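Here the structure is laid out as structure tokens; the discussion comes afterwards.
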Amino acid sequence: MISARQPDSSDLLQWYDRHQRVLPWRARLGEIPDPYRVWLSEIMLQQTTVVAVKPYFEKFVTRFPDVFALADAPSEEVMQAWAGLGYYSRARNLHACAKQVAYEFGGVFPDNEAELLKLPGIGPYTAGAITSIAFNKPAVAVDGNVERVMTRLFALTDPLPGVKGQVREKALSLLPEGRSGDFAQALMDLGATICSPKKPACSICPWMELCLGRRQGIAETLPVKAPKQVRPTRLGAIFVIERKDGAILVETRPPSGLLGGMAAFPSSQWAEDYDLSKAMLDAPMELRWKRLMGEVKHVFTHFQLLLTVYVGRAALDAEAPEGMRWVPRKHIDDEALPSVMRKVLSHAISQI
DNA sequence: AAATCGTGGGA
DNA sequence: TTCCCAAGATT
């Protein structure tokens, strides 16, 4: 049995020098990375595609050019700017982290993983990403791309998340001297463009000859993942109330949990066994309701939601119930409404 | 340590 | 339609 030479980072870095993607948050050749932009982009990119992040990143750096601007912004403005991007705890932690960096660290981000890990919203991946990309200090950023590339390159067949330790060891073993940032970004570019989840383009991969996964014909089956859970369906009733002047009744959801801190229309609880025939009991005020045709369907990570929409018209002098407020129609788009609520609103408007 | 936490796009 | 999943963190 003749063993092939071990993979090393030089093949990857040469490939990266020619094929790296141009991204809004990425320093161009010769530019010095801005830790604020690196941090912001890494938080946004958690479980989120590059395409989805781009417009949000541009919006944020325009509205909040540095960590002080973000720290000093009202939380409502931050949540509003984040609305639609999902995983809203990221926005709350982002704001908390900005305040901490601005007011406790004088606006300077820590340059090592241990200190970064103490900050809200920064976990093992993001700490490694900031350390390597923003400061070019030795660290690896193990994300989904790196898991895929390493399990294939070394034919690691143990399932995730258990195999993560081996993935990290392998990535560390390849870490080049002096180019930690490029190495991290090169692995992500490789995973995003060549070592893709389905139909990897092995023929143009810089590691083609050395890749044990490809040699064994199992590359596309890696990484092995635990079987996914079934997604239950929850039901609920939601109430879109329009005052006679067009204002709409809105509440702010509790600071933590699903859609925490985001704006919403008053609704019942969302449960698998919700009894729609008793929806009126969950209405925020007594009105003459019209139940709209159809339902609003929305898919969350761990359940699917079917919302039945009720619309009602309130008097000009109707007071907003405790914890709720009237939002003038022309300002409704300025609210921190998550996608599911915008879906409800357009469903209601189309039938009013 | 298993659950929780969004969204939109592509196969 | 349905399924998959994308630069994970938190509890």
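Numbered from 1 within each chain, the chains take letters A, B, ... in sequence-line order. For clarity, every value in this text was computed on a predicted model and none was experimentally measured.
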When you measure from the side chain of [X], which nucleotide among [options] comes out closest?
{"X": "A/Lys297", "options": "C/dT2, C/dA7, B/dG6", "value": "C/dT2"}
{"X": "A/Glu42", "options": "B/dG8, B/dC5, C/dA7", "value": "C/dA7"}
{"X": "A/Lys225", "options": "C/dA7, C/dC5, B/dC5", "value": "C/dC5"}
{"X": "A/Tyr125", "options": "B/dG6, C/dA7, B/dG8", "value": "C/dA7"}

[atom1] of [X] versus [atom2] of [N]: gap in Å, rounded?
{"X": "A/Leu258", "N": "C/dA9", "atom1": "CG", "atom2": "P", "answer": "20 Å"}
{"X": "A/Lys199", "N": "B/dG10", "atom1": "NZ", "atom2": "C1'", "answer": "13 Å"}
{"X": "A/Ile130", "N": "C/dG8", "atom1": "CD1", "atom2": "P", "answer": "14 Å"}
{"X": "A/Gln304", "N": "B/dG8", "atom1": "CD", "atom2": "C1'", "answer": "15 Å"}
{"X": "A/Arg231", "N": "B/dT7", "atom1": "CZ", "atom2": "C1'", "answer": "11 Å"}
{"X": "A/Glu147", "N": "C/dC5", "atom1": "CD", "atom2": "C1'", "answer": "13 Å"}
{"X": "A/Met341", "N": "B/dT7", "atom1": "CE", "atom2": "P", "answer": "9 Å"}
{"X": "A/Leu117", "N": "C/dA9", "atom1": "CG", "atom2": "C1'", "answer": "11 Å"}

Assign [X] to base, sugar-phosphate, or nothing according to its heavy-atom contacts below 4.0 angstrom with the strands shown.
{"X": "A/Arg342", "result": "nothing"}
{"X": "A/Arg92", "result": "nothing"}
{"X": "A/Thr126", "result": "sugar-phosphate"}
{"X": "A/Gly84", "result": "sugar-phosphate"}
{"X": "A/Trp82", "result": "nothing"}
{"X": "A/Ile43", "result": "nothing"}

*So does A/Glu31 have more than 12 non-hydrogen atoms from other groups sitting under 6.0 Å from CD?*
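Yes, CD of A/Glu31 has more than 12 neighbouring heavy atoms, counting only those of other groups under 6.0 Å.
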_I want to check something: taking the side chain as every heavy atom from C-beta on, are A/Phe265 and A/Ile248 in contact at a cut-off of under 4.5 Å?_
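Yes, at least one pair of side-chain atoms sits under 4.5 Å.
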*Side chain to side chain, A/Pro138 and A/Leu175, heavy atoms closer than 4.5 Å*: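 SC-SC contact between A/Pro138 and A/Leu175 confirmed.
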*Mind listing the residues from residues 45-59 of chain A sitting with a heavy atom below 4.0 Å of DNA chain C? Number order is fine.*
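DNA chain C contact set from residues 45-59 of chain A: A/Leu45, A/Gln46, A/Gln47, A/Thr49, A/Val50.
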_DNA chain C: 5'-proximal contact among A/Arg26 and A/Pro120 (nearest heavy atom)_ =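 It is A/Arg26, whose closest nucleotide lies nearer the 5' terminus.
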Is the shortest side-chain N/O distance from [X] to OP1 or OP2 of [N] below 4.0 Å?
{"X": "A/Lys228", "N": "C/dC4", "answer": "yes"}
{"X": "A/His298", "N": "B/dG6", "answer": "no"}
{"X": "A/His302", "N": "B/dA3", "answer": "no"}

*5' precedence on DNA chain B between A/Pro161 and A/Val299 (nearest-nucleotide basis)*: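 Closer to the 5' end of DNA chain B: A/Pro161.
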*Considering only atom P, compute the distance from B/dA3 to C/dA7 and round it to an integer number of Å.*
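The answer is 24 Å between these two P atoms.
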*In whole angstrom, give me the gap between the P atoms of C/dA9 and B/dG8.*
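Their P atoms lie roughly 23 Å apart.
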*So, A/Gln47 and A/Arg90: side-chain donor and acceptor under 3.5 Å apart, yes or no?*
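Checked: A/Gln47/A/Arg90 side chains show no N/O donor-acceptor pair below 3.5 Å.
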I'd like to know if [X] reaches the base of [N] with its side chain, counting only an N/O donor and acceptor under 3.5 Å.
{"X": "A/Tyr87", "N": "B/dG6", "answer": "yes"}
{"X": "A/Thr301", "N": "B/dG6", "answer": "yes"}
{"X": "A/Arg90", "N": "C/dA6", "answer": "no"}

_side-chain hydrogen bond (donor to acceptor under 3.5 Å, both in side chains) between A/Glu42 and A/Tyr125, worked out_ = CA-CA 9 Å; A/Glu42 290 302 340; A/Tyr125 161 75; 2.6 Å; yes
*Could you give me the CA-CA distance, side-chain angles and deciding distance for A/Thr252 and A/Arg325, then say whether side-chain hydrogen bond (donor to acceptor under 3.5 Å, both in side chains) is met?*
CA-CA 9 Å; A/Thr252 299; A/Arg325 60 186 186 276; 2.9 Å; yes
*Test A/Trp25 against every option in A/Tyr36, A/Phe60, A/Phe57 by the ring pair (Phe, Tyr, Trp, His ring centres under 6.0 Å) rule and name the one that passes.*
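Running ring pair (Phe, Tyr, Trp, His ring centres under 6.0 Å) over A/Tyr36, A/Phe60, A/Phe57 with A/Trp25 returns exactly one hit, A/Phe57.
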*Separation between CG of A/Leu281 and OG of A/Ser268, rounded to the nearest 0.5 Å*: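 Those atoms lie 10.5 Å apart.
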_Using the side chain to side chain donor-acceptor pair (under 3.5 Å) definition, which of the options A/Gln20, A/Arg179, A/Arg26 pairs with A/Gln185?_
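Per the side chain to side chain donor-acceptor pair (under 3.5 Å) rule, the option paired with A/Gln185 is A/Arg26, out of A/Gln20, A/Arg179, A/Arg26.
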